[in-house]
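Below you'll find the structure, written out as structure tokens, and then a few comments.
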Number of protein chains: 2
Amino acid sequence: MFKNEYGSKLLAEAVESLATLPGIGRRSALRLALHLLSEPEPNVEKFASSIVDFRSKIQFCPRCHMLSDDGSCAFCDDSSRDCRTICVVESHADVLSIENTGQYHGLYHVLGGIISPIDGVGPGDLTIKELGDRVAAGGVDEVILALSTSMEGETTAFYISRQLAQYNVKLSAIARGVGFGDDLEYTDSMTLGRSIVNRQPFKS
Amino acid sequence: MFKNEYGSKLLAEAVESLATLPGIGRRSALRLALHLLSEPEPNVEKFASSIVDFRSKIQFCPRCHMLSDDGSCAFCDDSSRDCRTICVVESHADVLSIENTGQYHGLYHVLGGIISPIDGVGPGDLTIKELGDRVAAGGVDEVILALSTSMEGETTAFYISRQLAQYNVKLSAIARGVGFGDDLEYTDSMTLGRSIVNRQPFKS
């Protein structure tokens, strides 16, 4: 007999595991574990194996570093995309967010993080050299920086701009401003200030 | 090459699995899947196996039907608990919630659900007969009904009360009323009404 707050070691371990997920507290983890109890055993096995399979089998595109099932790339290998434009992002999630807008049809370059001396992440830990190689190989007209506005994001953008300065390529950054549906009253002054400085011709 | 909104079949399947969890939408599921990508592979395997182990190895106490790792019961086998009182609840989660209060030291009886004709759950699908057997065996002074206040909860409570009527056992139900910290203004009139009818002598 195992004595803990759950009265069961197996339950305690399942809760412990689920609570390691970001945004899942111990209370939610308990709810999830007890939910799995009500599911048929094969479903739970399938649930677990899909996660392990994803983690162990996933590959990365050697060119843009996006996820790949078999070494091929859903973006780089798509001839309908504009291969002369590269959008630089921090993470795989960012690629999916941009894809979700339906507004971008070029290629990507996933840095795999952001320059952050505090976290011990330097330029060499990211795929910045590989980005330089892609641009050096030619055929690229524009590199769009879609990085966060944090100090780290600005540093990374600046570092990349220096690395690409030697090439004849247009460098741009995504627009910053007041979000759609946001109240001016509740927008931070940094954002609001930039949105005024970078105002656009009015189109009705 | 697999084409879907994630650009990867493995990712899509992991997201699909995670999104089956209650309260986890597709957006959260994507975030969780990408988080697992940043974890070392052995950690992800341990995560998955703790869940599968829990589901496949967990047993139930043959007496109170609470979770058990090895057939023994953290509640029934604890001689420090008051074995003359049984608290009847719908689910395993309810037991843990009541334990969490530190206010109850008797035994439990997990019904495994609630009588609900709409969902096709009848008395025979629950452990009501087993509850009757426990009471019939003697040694029980009080049965506390800690069921929800829904129509189904009331029906289940009524059914149990009829089943136990033949035994010399005190039947009680947990108190209903305005919760601690709740504003009277925002308390539903059913609850507020009951809290007035069932008012208690004032203790300062």
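We name chains A, B, ... by the order of the sequence lines, and we start the count at 1 in each one. Bear in mind that the values here come from a model prediction, so they are computed numbers and not experimental data.
- Pairing each heavy atom of B:C61 with each of B:C76, the nearest pair is SG-SG, 3.8 Å.
- With B:D77 contributing its side chain and B:S72 its backbone, the two residues share no donor-acceptor pair below 3.5 Å.
- At distances below 3.5 Å, not a single donor-acceptor pair connects side-chain atoms of A:S17 with backbone N or O atoms of A:A14.
- A 4.5 Å side-chain heavy-atom check between A:E142 and A:S172 finds at least one atom pair inside the cut-off.
- Using a 4.5 Å cut-off between heavy atoms, B:P40 contacts chain A through its backbone alone, with no side-chain atom that close.
- Counting heavy-atom pairs under 4.5 Å between each of B:N43, B:I24, B:T20, B:L67 and chain A puts B:L67 at the top.
- Put simply, of B:L30, B:I51, B:V15, the one with the most heavy-atom pairs under 4.5 Å next to chain A is B:I51.
- The greatest number of non-hydrogen atom pairs below 4.5 Å with chain B, out of A:R27, A:R31, A:E16, is found for A:R31.
- The aromatic ring centroids of B:Y108 and B:H65 lie 6.0 Å or more from each other.
- Residue B:E99: no heavy atom, backbone or side chain, is found under 4.5 Å from chain A.
- Interface residue A:I58: backbone and side-chain heavy atoms are both found under 4.5 Å from chain B.
- By number of non-hydrogen pairs under 4.5 angstrom with chain A, the leading residue of B:H35, B:E13, B:R55, B:K46 is B:R55.
- No donor-acceptor pair under 3.5 Å is formed between the side chain of B:R194 and the backbone N or O of B:T191.
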